[in-house]
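Here is the structure we will look at.
Worth saying up front: this structure is predicted, and the values here are computed from it rather than measured. In the text below, chain A, chain B and the rest are named by the order of the sequence lines, each starting its count at 1.
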Amino acid sequence: MFGRKYSALSVAWHATTGNRYLTPVWRDPEPRDRYDVVVIGGGGHGLATAYYLAKEHGAKSVAVLERAWIGFGNAGRNTTIIRSNYLLPGNLPFYEWSMKLWESLEGELNYNAMVSQRGVLNLYHSDPQRDAFARRGNAMRLHGVDAELLDRNQLQKFAPFLNFDDARFPIQGGLLQRRGGTARHDAVVWGYARAADGSGVDIIQRCEVTGIRTEAGRVVGVETSRGFIRAPKVGIAVAGNSSRLAAMVGLRLPIETHVIQGFVTEPVKPLIPGVITFGAGHFYISQSDKGGLVFGGDLDGYNSYASRGNLPTAEDVCEGGIAILPLIGRIRVLRIWGGMMDMTMDGSPIIDRAPIKGLYLNAGWCYGGFKATPASGWCFAHLIARDELHPVAAHYRLDRFATGHLIDENGRGAQPNLH
Amino acid sequence: MRIPCPYCGERDAHEFAYLGDATVKRPDFDARESLWVDYVYMRDNPAGRHREHWYHTTGCRSWLTVTRDTRTHQILTVEFASQGDAA
Amino acid sequence: MPLVAHRNARHSYSSNPYGRIRQSGRCRVIANQAYRLPEVGAIDRSRSLTFMFDGRAYGGFAGDTLTSALIANGVRLIGRSFKYHRPRGIFTSGPEEPNALVELGAGARREPNTKATTIELFDGLVAASQNRWPSLRIDLGAINSLLAPFIGAGFYYKTLMWPASFWETIYEPLIRRSAGLGRAAEGPDPDNYEKAHAFCDLLVIGSGPAGLMSALIGARAGARVILCEEDFAIGGRLLAEKHEIDGQEGRVWAAQTEARLTELQNVRIFRRTSVFGVYDGGTYGALERVTDHLRESTPHQARQRLWKIVARHVVLATGAVERHIVFGGNDKPGVMLASAARTYVNRFAALPGRHIAIFTCCDDGWKTAADFATAGATVVAVIDVRREISRAFARVAERIGARLVTGGRVVGTRGGRSLRSIDVIGADGQAVRFEVDCLGVSGGWNPTIDLTCHHGSKPRWSDDQHAYIADKLPPGLSIAGAAAGALSLPAALLSGAKVGHEAIHTLGFIARFPDLPRTDEDPARLNPFWHVRGSRGKAFVDLQNDVTVTDIEIAFREGFRSVEHLKRYTTLGMGTDQGKAGNVSGYAIMADLTGSSITVTGTTIYRPPHVPIAISAFAGHHRGKNFRPTRLTPSHRWAAEHGAIFVETGPWLRAQYFPKFGETDWLTTISREVTAVRTAVGVCDVSTLGKIEIQGTDAGTFLDRIYINTFSTLLPGKTRYGVMLREDGLVMDDGTTARLAADRYVMSTTTANAGLIMQHLEFCHQVLWPTLDVQLASISETWAQFSVAGPCSRATLAKLVDPPFNIANERFPHLSVASLTVCGGVPARLFRLSFSGELAYELAVPANYGDGVIRVIMSAGAEFGIEPYGTEALGVMRIEKGHVAGNEITGQMTARDLGLGRLMSTKKDFIGRRMAERIAFHDPNRPCVVGFRPTNRSARLQAGAHFVPCGAAPTAANDEGFMSSVAFSPSLGHWIGRGFLQRGPERIGGRVRAYDPVRATDVEVEICNPVFIDPEGGRLRA
């Protein structure tokens, strides 16, 4: 009666018909023998890529292959922040494009991903930090991105509950991007999946890629746990496991896989308005719509595929939290999870052709891939469809490490665990 | 995670600083540039046994070569890095 | 459906049929406890306590939990549910409680969402219900129940999209306000938290029958044993059951075993301690609640203690949690787990209802029936889903006068804020209504195995045990008792003994297999039964998050069938009970819908913490000013005496400037300090710079490989400025290194990088070039170091330097270094170095002389007008002199960017050389450092401004660089700056805009040489 279109009316209709006519949000098709494009990885990036391939480039035959279930990797385990408060010209246009896509995502997908622009605030504690944030804020403004530098008085109005009196590193002010905020991570996955499926993309779950077949230096398809699938173009979007996929074609990447821990507390009544980042203490926090505080901090700091972290880092993160928000102390942590991060050598991602024809890489998102989801999909789809870099992602080249055109926001150098 | 430091004994990993892959070897000064790029940037990043450098920051200040499974965090061997690549 | 009402179950809440009220001073309190049983239980009736719930005073006893005391007082309505605001009571007796959540305490100590089942009662306890408005009894949020059909699983995702601007302004604030359960504390947490480490051979988690057996074996074998129990009493289910062990009550056996363990020196028992996480290397996280059960703690006493226990082996004996059966109306206050119901009766002497029915699919429910009957309550009916039950149970039913319904189902409940009756359908299809005020539900047991999954393995479904059991265990952990599926008492004791015995052997101890205590038979048969189909009303799977069977059906129809999708779409198991109460039932119902087995369905991943842990407990005492250590300079006390304003510089607190009486702003003070140095003499503590001693015959060679310039050619007695790169070719640090002797150098690093450079040098030595004869030592803390700068600095220092050492210009010229003594024998190192551009020295003395020496310097310089100066004046003079400032070493700069490219040797290998040759680093368009001054000299400059060509639009395409540091130069009388500008050195003399929209400034500046003062360097050689 209402087709696939979501609205309050359709929900009401389903409610009055006992939800009998609900159908799967995406199909569960058997893989076909061949596709024009195979995207490996059913996370946000892979699904967005497939969606834009179909929607923007008219691709008719696209499959997304997911080892487990869509959204099971970092898309389903992250702290849901969206922002474009970057410093470097290699990053700013890309993340701002992502922000613009976020702002129109719900209309685009007809799915409420709960994009909530409640603001992202970075605190500063010293004059040099203030000047560094001014530099960043000015760079944002030059790129047409909103940025405000708040002094202490302005900050006290925005976030009166911060520890202004007793902090080891006194809070002097902050850099605020009001358009930043959060989105509901799972809904982003489901929304893209639904829209991609509706555009004819086959989403194939429980289909693990075990090999990438090449002939005469070009890709011909992928070996999977459900058989060989022929495809002249293969895109890899498996952050956390990029090195393992690349190794299937003998490729080494400037990437280490690291664990980062995320935290969520029991739900409490509204307390924290937007996202607050305490760089000096390696801590960031927001509050979900359900009421849980969602926070995180540093990487554990060692290569890991174990999807779990250790206690010292958890303690360190919570110390950072209490340092600036002493009133959250008695709130209890419910879950601590560990995600696998593709940490690159300069802290920035790679969206580029691999040295094998027909193979494309979308990797190296470090701990910041969620906010990039729409633009990553957009630019990766562009790259796969046209075999050329998208202008806003033109700096995310694989050869930048050889040429020195690094995009190192923090200046930590070739040591992934410091980014 | 606990690392058995050959000098200090078994200590919690938070006493140590991590550097990364210990299998990469600094090329000769006049080696091809691509070898230098590989040394500085490219990593095997295995899911499994990984030889890696740790520094006992708050202990004896030794650089150690630790063999550890990146899937389980199990530590298999620990040696002084100065003794070269025994494994 | 014909209903046959059972009328004989009418009851009244006002009288106490058990009530021979003891005639004592305690009379008032026990009189209120109308549901308190006489004589039985493990409560201490000699210690009565008073507490408040929702503003009303009640009485209880030592040994009660908040829920047992509320039950004893006949309080049944405790809270409102998350989404539909349905009335909720007490469902369990442990940490799996989904319903009875309260705000405990008030003000800054208020703790939201506290499980009342885990709160140990104390005198003066204050608790309140939450998530209701205006009151618990009348909650307007209950209107959500009417909307339920429209706000089932996933409705958010499909609606509230139009108009888009309403999301942040209307929809989301509404959702946020109605979500969230309790309210956070009103202020900073006032309590103390501490951390502790413990090491043991055997850690036993859980003190039920299995845990006690394991601990006893370990203890007797001489192993270091730690026994952790999250309850305040030892014994686990032995406290709650009417078991007999060796002819006495199980509770007594537990107490005796505890006493035996306590006598042994090698055993530590931690009560009120939850092991919450299994980490790597045999490290276990545990939280001890030290004073939560006390009305008042002594000052400075920790409220909670975070233990990190390193154990060689662990026996996990965490028992099992009873699961419920899902049916319509299963959330009414009065419906509870059967095991919990008898826990309240047997352990706490608190009667959850006077007319109880049991709904069970296993033998266990029958225990509750028997125990209630023994306690004198009316067991109205036992509804067993099994068609065939043992003859023994039939006899029990007969003895206690309960109506037995085999093959029965509970299909509905009635009652508003508390259960009044249940509707049952028997195997014959006949409907019966029983009037009861309590329904004990027993759906079998889920072993508590969360901790076994913390290393990433998932539990496995066992068709034998009809439960998820541990699959792959973390290294060094074994599992015993009910957690291992040994549900009956004899099986648990045997399992504890066997597993403990094996563990102790593995650890290398010798132990004889113990004699097992004598016990009764303890039947534990089970017919798994999850869900009453076709029951009436909402059937809750996850009570806290209001996830119903309908929600699971929606998820199924819409394709959210994997357990991870199910969890995320419906929020199943995401409440504060962490899925302990309902997850397994949810999986089973989904398995039923998909037609696959529960084995295939699987579970989500269990993650730490196993129980919710306060953020404060993780943070411990690292908070407020103690968040990070504060390092003080050797002259700190002196500086404080002289009115210094201090500034946080990394871990250090440094003197920023020294205001004098009458100086009203910092610029006046700093300008005075700068002028003093430029015209007379000033002194500044520079001890925070990193100092590394480098010795050995290859020290020069080593430094040549570290620095981009050469140090092996430096003559002993001289210093040189050096720059080092990272291996990626970008600048890592700068500083001066002095050669004290042929085989001896001392390096200085920036304050921020002191530790990092030490680590880097150790790496280069130990890993890259282990054969070089080099020794390294960090001496940053060993020496206090003062910069004495200004035209009168030599005259000042000459008064300190012991003869015969002569610091005349010709004997000790610029860039000299010497070891000498000062002040009559204090060992010292003197460097002739200048960052201010004036004649200047740095004097290093052993750190403990620092305070004395700065006082001597000040009095020596008094006749010349010496002034102390802080980091601000230091910074101003560095900028005036054109030196690289610390904040310009951003890790993104090449030596050439910083104007230091000429230092780079082309004759040797050094760290970073090859990568510095990459093409991007030689792009002539890279911004390079130059100086700036405002065209209008009265204008102020701002660091962080970007450079845009004059007359061009401020766009990204026109962005030519940024201002890195600025200062008001008292020497020049206007603002000056340093910054990075594309082709900067070629554009000296030109102009550019310094554009700073975030501070609304936009200043035209002249591009100039970055050295503003004495570019020829005459002053520092004077």
Taking all non-hydrogen atoms of both residues, which atom of [X] and which atom of [Y] are closest, and how far apart?
| X | Y | answer |
| --- | --- | --- |
| A:G329 | C:A614 | O-CB, 3.5 Å |
| C:E111 | A:R330 | CG-NE, 3.6 Å |
| A:I336 | C:R607 | O-CB, 3.4 Å |

Tell me, side chain or backbone of [X] under 4.5 Å from chain A's heavy atoms, or both, or neither?
| X | answer |
| --- | --- |
| C:F82 | side chain |
| C:L306 | side chain |
| C:Y193 | side chain |
| C:Y157 | both |
| C:T630 | both |
| C:A185 | both |
| C:R568 | both |
| C:T550 | side chain |
| C:F276 | side chain |
| C:N545 | side chain |
| C:R561 | side chain |

**OP:** Verify whether one side chain among A:R141 and C:Y995 offers a donor that lies under 3.5 Å from an acceptor in the other.
**Re:** no
**OP:** May I have the step-by-step check of salt bridge (Lys or Arg N to Asp or Glu O under 4.0 Å) for A:R400 and C:D728, ending in yes or no?
**Re:** CA-CA 12 Å; A:R400 69 176 186 268; C:D728 70 353; over 6 Å; no
Chain A contacts, top residue of [options] (heavy-atom pairs, under 4.5 Å):
| options | value |
| --- | --- |
| C:N958, C:I554, C:D959 | C:I554 |
| C:M893, C:H622, C:E727 | C:H622 |
| C:D996, C:N626, C:I615, C:D189 | C:I615 |
| C:R999, C:Q130, C:E917, C:Q942 | C:R999 |
| C:G559, C:A617, C:S616 | C:S616 |
| C:G456, C:A916, C:G187 | C:G187 |

Within-4.5 Å side-chain heavy-atom neighbours: [X] and [Y]:
| X | Y | answer |
| --- | --- | --- |
| C:H565 | A:Q205 | yes |
| A:F263 | C:F618 | no |
| C:D280 | A:R308 | yes |

Original post:
Do NZ/NE/NH1/NH2 and the carboxylate oxygens of A:K269 and C:E103 come within less than 4.0 Å?
Top reply: no
Original post:
Between A:R130, A:R335, A:R135, which has the largest tally of heavy atom pairs under 4.5 Å with chain C?
Top reply: A:R135
**OP:** Heavy atoms only, distances under 4.5 angstrom: which of A:A314, A:A402, A:G181, A:G309 has the most pairs with chain C? Name it, please.
**Re:** A:A402
**OP:** Using the six-membered ring wherever Trp is involved, compare the ring planes of C:F627 and A:F278 and label them parallel, tilted or perpendicular (cut-offs 30° and 60°).
**Re:** tilted
**OP:** Starting from the C-alpha separation in whole Å, work towards a yes-or-no answer on salt bridge (Lys or Arg N to Asp or Glu O under 4.0 Å) for A:R178 and C:E168.
**Re:** CA-CA 12 Å; A:R178 288 194 193 270; C:E168 277 94 350; over 6 Å; no
